[in-house]
2 protein chains.
Amino acid sequence: MNSELLLREHDLKVTPQRLGILSLMKIRGHVDVEELFLAMKKQFASISLATLYKNVNAMLEKQLITEIKAPNFKAKYEIVKEPHIHLLCKECNEFVDLDINLETLIDDASKKSNYQLEESCVVLSGLCEKCQTK
Amino acid sequence: MNSELLLREHDLKVTPQRLGILSLMKIRGHVDVEELFLAMKKQFASISLATLYKNVNAMLEKQLITEIKAPNFKAKYEIVKEPHIHLLCKECNEFVDLDINLETLIDDASKKSNYQLEESCVVLSGLCEKCQTK
DNA sequence: TTATTAAAGGATAATAATTATCTTTTAAGC
DNA sequence: GCTTAAAAGATAATTATTATCCTTTAATAA
């Protein structure tokens, strides 16, 4: 989906900086604030870290993006999609998404616990295919 | 399991501070460093925050405890057990464990992705039974 | 278009969380 | 009881994040 529309639908003003952030997230998938800062500086020489934090927080509040936190890693952000699994390779430090449907798991958990569950943060970590053979 | 043995088995020196930390984790389940600090000060008036951070890190390295990170929360720690689900209530901010076996999920994820998976951090959040009716 | 205005951006200070450093104390093995 | 390496405690340093304040800009309506 077009980033401009995405912003408008979430009641966020369209700015070049925000379009840049979304574009990076679309290309890279999972990004942290520092990565974002370094990449954004190439397009917006004078961008401030504060702007990135403010925008990330605004997009989180409007549920346009989600935060993924995992042991030993800085918070990562990605554009919202269906509940899914994040795979993390401890060797190359890459995050990727795995599209296994988590509905069943969430439903089971909900029934067993009587919780009304809304969000998931599922990170499985280990070694990716490449790093296993090193 | 007895905390003294637990420490020895993980090649960690037995100290009163460490026994205190484990005791608190056993009683409370999920704790963060600040909680730990406040609670420990009652037993060890002069305990230093640095001691807590150092011990938590040492126990993490030796895999005696694990770290649970979730959006909007400070890192929580608990004694290692089988892979399981953490439920988080956004209203009362309580973490609890749910014993649903995650083996199948992890195996599926492993097969689909060819990752060699070792660790899981699974947090589902929403409203607990009590907080739904408020 | 242009004028208006609330919101966003940028610079930087302040705060919070965590790690590093150094000295003193203590657990573990002889 | 000694000895010694590791742990504790105090505190400085670092890192991550938020707050503040002033300037600039996107959205809207004349």
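Predicted, not measured: the structure shown is a model, and the values here were computed from it. Below, read A as the first sequence line, B as the second, and so on, with proteins coming before strands; counting in each chain starts at 1.
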So does [Y] get a backbone contact from the side chain of [X], meaning a donor-acceptor N/O pair under 3.5 Å?
X	Y	result
A:S120	A:V122	no
B:K69	A:F73	yes
A:Q132	A:L127	yes
A:K41	A:L36	no
B:S113	B:A109	yes
B:K62	B:L7	no

Return the value, rounded to whole Å, for the distance between atom [atom1] of [X] and atom [atom2] of [N].
X	N	atom1	atom2	result
B:L52	C:dA20	CG	P	17 Å
B:F37	D:dA8	CZ	P	14 Å
A:E4	D:dA27	CD	C1'	12 Å
B:R8	C:dA28	CZ	P	5 Å
A:K54	C:dA11	NZ	P	11 Å
A:L49	C:dT12	CG	P	13 Å
A:F73	D:dT15	CZ	P	18 Å
A:M59	C:dA8	CE	P	10 Å

Under a 4.0 Å threshold between the charged nitrogen and the carboxylate oxygen, would A:D97 count as salt-bridged to A:K81?
yes

So what does [X] touch, heavy atoms closer than 4.0 Å: a base, only the sugar-phosphate, or nothing?
X	answer
B:V14	sugar-phosphate
B:Q17	sugar-phosphate
A:S46	sugar-phosphate

Does a side-chain N or O from [X] land closer than 4.0 Å to OP1 or OP2 of [N], or not?
X	N	value
B:T51	D:dG9	yes
B:N57	C:dT19	yes
A:R18	D:dA26	no
A:N55	C:dA8	no

So if I take every side-chain heavy atom of B:Y53 and compare against C:dT19, D:dG9, D:dT18, which nucleotide ends up nearest?
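Nucleotide nearest to B:Y53's side chain: C:dT19.
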
For the helix from C:dT1-D:dA30 to C:dC30-D:dG1, what angle lies between the axis at the first five pairs and the axis at the last five pairs, to 10 degrees?
50°

Please determine whether any donor N or O and acceptor N or O are separated by less than 3.5 Å between the side chain of A:K13 and the base of C:dG9.
no

Considering heavy-atom distances to DNA chain C, does A:F44 or B:T15 have its closest nucleotide positioned more toward the 5' end?
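In this pair, the answer is A:F44.
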
Please check if any side-chain donor atom of B:H10 sits under 3.5 Å from a side-chain acceptor atom of B:E61, or the reverse.
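No pair is found: no donor N or O on one side chain lies under 3.5 Å from an acceptor on the other.
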
